[in-house]
Number of protein chains: 2
Amino acid sequence: MENRVSGALESYLEQIADLQKIHGAVRTSDLAERMGCKRSSVTNALQRLSEKGLINYQSYRPVTLTAEGKKTIAALSRYHGILADFLENILAFPEEFAQQEACQLEHRVSPCTIERMRVYLEFVAGKDGDSGQNTVTSQFNDFIKSKKELP
Amino acid sequence: MENRVSGALESYLEQIADLQKIHGAVRTSDLAERMGCKRSSVTNALQRLSEKGLINYQSYRPVTLTAEGKKTIAALSRYHGILADFLENILAFPEEFAQQEACQLEHRVSPCTIERMRVYLEFVAGKDGDSGQNTVTSQFNDFIKSKKELP
DNA sequence: TAATATTGTTAGGTAAAGCTAATTTTCAAG
DNA sequence: CTTGAAAATTAGCTTTACCTAACAATATTA
């Protein structure tokens with residue numbers, strides 16, 4: 001068995017963590033709804049996550065995260081945050097799109113590149129200083145608008 | 001049959017185009033070498049690419065691209081260029097890494113985000129003007145170095 | 001040109017991630 | 001405390017993308 005976790009399984013894991021926060025227990029049907037798949041596919045995913053030691057799972061019993069699972073989620077959630085920040089504050093996407101896109105990218109962009117995006121965010125924050133006005137981001141926003149105004 | 005082309009098939013297609021440019025003919029073994037897989041997997045991929053109408057393929061005959069295949073490659077190659085440019089000139093990665101990473105990302109980042117990266121590149125180019133000196137990129141390079149110097 | 005080496009394909013297998021349909025467990029009401 | 005509905009699981013199938021081993025076609029070269 002390949003021990004690395006695929007993007008699909010990572011997503012399940014995140015939804016599990018989120019549902020746990022909200023509802024305490026994690027139900028197969030809720031997961032299916034969130035993942036946009038059938039309950040049977042969820043069961044299958046839970047079994048594989050369990051084999052990989054990321055969740056505690058027994059048939060018909062409530063699912064919980066292992067320490068390993070929590071660690072995985074912590075990393076993912078950090079990646080998500082950096083990517084969403086980058087998309088919103090560097091590339092000037094609206095927050096909602098940034099969040100959506102970050103959900104995809106957190107499984108697909110290398111840690112190295114994500115880390116570099118974090119450094120770039122720091123760099124730009126430093127350039128903008130405490131001014132608040134006329135930041136690089138707002139300049140870029142204007143730039144985008146100026147492009148759209150002349151089609 | 002799902003008519004969309006997966007990331008894996010897209011990669012085969014690109015390697016085919018590249019080999020065609022270099023060697024004229026495209027050999028299964030060369031493709032296998034490039035893709036880091038076995039010859040039998042290549043045959044399988046060629047059959048699927050052919051079913052999707054992206055290449056002309058018959059057993060033991062040289063492979064060629066269809067018009068549709070060429071169009072797909074043109075789009076991909078454009079994405080690759082933008083991503084590599086962004087990685088090298090915004091995120092200040094060395095060219096080789098930028099190229100490698102772009103190969104992965106071109107199949108994974110949404111066209112919308114890639115397009116926005118292109119606009120950002122334009123924006124920064126505009127800011128830097130013709131100066132050449134003290135560009136945003138070179139400032140960021142210095143910033144990275146300054147971070148590394150104090151561990 | 002015939003023998004051999006290389007290259008390409010087929011057949012059959014695995015794992016991931018989904019599906020439907022059938023079955024089993026749990027739970028809520030009567 | 002039984003029973004029927006809802007929820008979860010199992011069984012069996014699909015596709016993608018890989019694998020090995022066996023076989024077929026093409027090339028090389030003696």
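So you know, we letter chains A, B, ... as the sequences are listed, proteins then strands, and number each from 1. Not measured: the values here are computed from a predicted model.
The hydrophobic clustering, which links ILVMFWY residues whose side-chain heavy atoms are closer than 4.5 Å, places A:Val63 and A:Leu76 apart. Linking Ile, Leu, Val, Met, Phe, Trp and Tyr whenever their side-chain heavy atoms come within less than 4.5 Å puts A:Leu91 and B:Leu91 in one cluster.
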Protein and nucleotides 15-19 of chain C: nitrogen or oxygen contacts under 3.5 angstrom:
unit_1, atom_1, unit_2, atom_2, d
C:dA17, OP1, A:Ser6, OG, 2.2
C:dA17, OP2, A:Ser6, OG, 3.2
C:dA17, OP2, A:Arg48, NH1, 2.1
C:dA17, OP2, A:Arg48, NH2, 3.4
C:dG18, OP2, A:Tyr12, OH, 3.0
C:dC19, OP2, A:Lys38, N, 2.9
C:dC19, OP2, A:Ser41, OG, 2.6

Identify all pairs in which a protein N or O lies below 3.5 Å from an N or O of nucleotides 23-28 of chain D, and state each distance.
unit_1, atom_1, unit_2, atom_2, d
D:dT26, OP1, B:Arg61, NH2, 3.1

Which protein N or O atoms sit under 3.5 Å from an N or O of nucleotides 1-3 of chain C?
none

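For the side-chain contact (heavy atoms from CB on, under 4.5 Å) test, residues two or more places apart in sequence or in another chain that qualify with B:Lys70 are B:Leu65. Every residue two or more places apart in sequence or in another chain that forms a ring-ring contact (aromatic ring centres under 6.0 Å, His included) with B:Phe123 is listed here: A:Phe140, A:Phe143, B:Tyr120. Take B:Tyr79 and apply the side-chain contact (heavy atoms from CB on, under 4.5 Å) test, not counting sequence neighbours, and it matches B:Glu106, B:Pro111, B:Ile114. Under the side-chain contact (heavy atoms from CB on, under 4.5 Å) criterion, B:Asn56 pairs with B:Thr64, B:Thr66, sequence neighbours left out.
Phosphate contact (OP1/OP2 of D:dT9, side-chain N/O of A:Gln47, threshold under 4.0 Å): absent. For the OP1/OP2 pair of D:dT9 and a distance below 4.0 Å, the side-chain nitrogens and oxygens of A:Tyr57 include at least one atom meeting the criterion.
Side-chain N or O atoms of B:Asn89 include none that pairs as donor or acceptor with a backbone N or O of B:Thr137 at under 3.5 Å.
Pairs passing the salt bridge (Lys or Arg N to Asp or Glu O under 4.0 Å) check and including a residue from residues 74-97 of chain A, sequence neighbours excluded, read A:Arg78-A:Glu115. For residues 80-118 of chain A, the ring-ring contact (aromatic ring centres under 6.0 Å, His included) pairs, not counting sequence neighbours, are A:Phe93-A:Phe97. Applying the salt bridge (Lys or Arg N to Asp or Glu O under 4.0 Å) test to every pair with at least one member in residues 50-69 of chain B, sequence neighbours left out, gives these pairs: B:Glu68-B:Lys71.
In plain terms, the two heavy atoms of A:Val26 and A:Ile16 that are nearest each other are CG2-O, 3.7 Å.
Direction of the helix axis in the helix from C:dT1-D:dA30 to C:dG30-D:dC1 shifts by 10° between the two five-pair termini, rounded to 10°.
What separates CG of B:Leu31 from P of D:dA17 is a distance of 15 Å, to the nearest Å. Between B:Glu10 atom CD and D:dA17 atom P the separation is 10 Å, expressed in whole Å. Rounded to an integer number of Å, the gap from B:Arg27 CZ to C:dT6 C1' is 9 Å. The distance between atom CG of B:Asn3 and atom C1' of D:dT15, rounded to the nearest whole Å, is 14 Å.
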- Going through the distances and angles, do A:Lys145 and A:Glu149 end up as a salt bridge (charged side-chain N to carboxylate O under 4.0 Å, His left out)? CA-CA 6 Å; A:Lys145 264 183 222 131; A:Glu149 267 157 26; over 6 Å; no

Report, one line per pair, each donor and acceptor closer than 3.5 Å where one atom sits in a side chain of residues 30-37 of chain A; sequence neighbours left out.
unit_1, atom_1, unit_2, atom_2, d
A:Arg34, NH1, A:Gln15, OE1, 2.6
A:Arg34, NH1, A:Asp18, OD2, 2.9
A:Arg34, NH2, A:Asp18, OD2, 3.3

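If you check every strand for non-hydrogen atoms under 4.0 Å, A:Thr43 touches a base.
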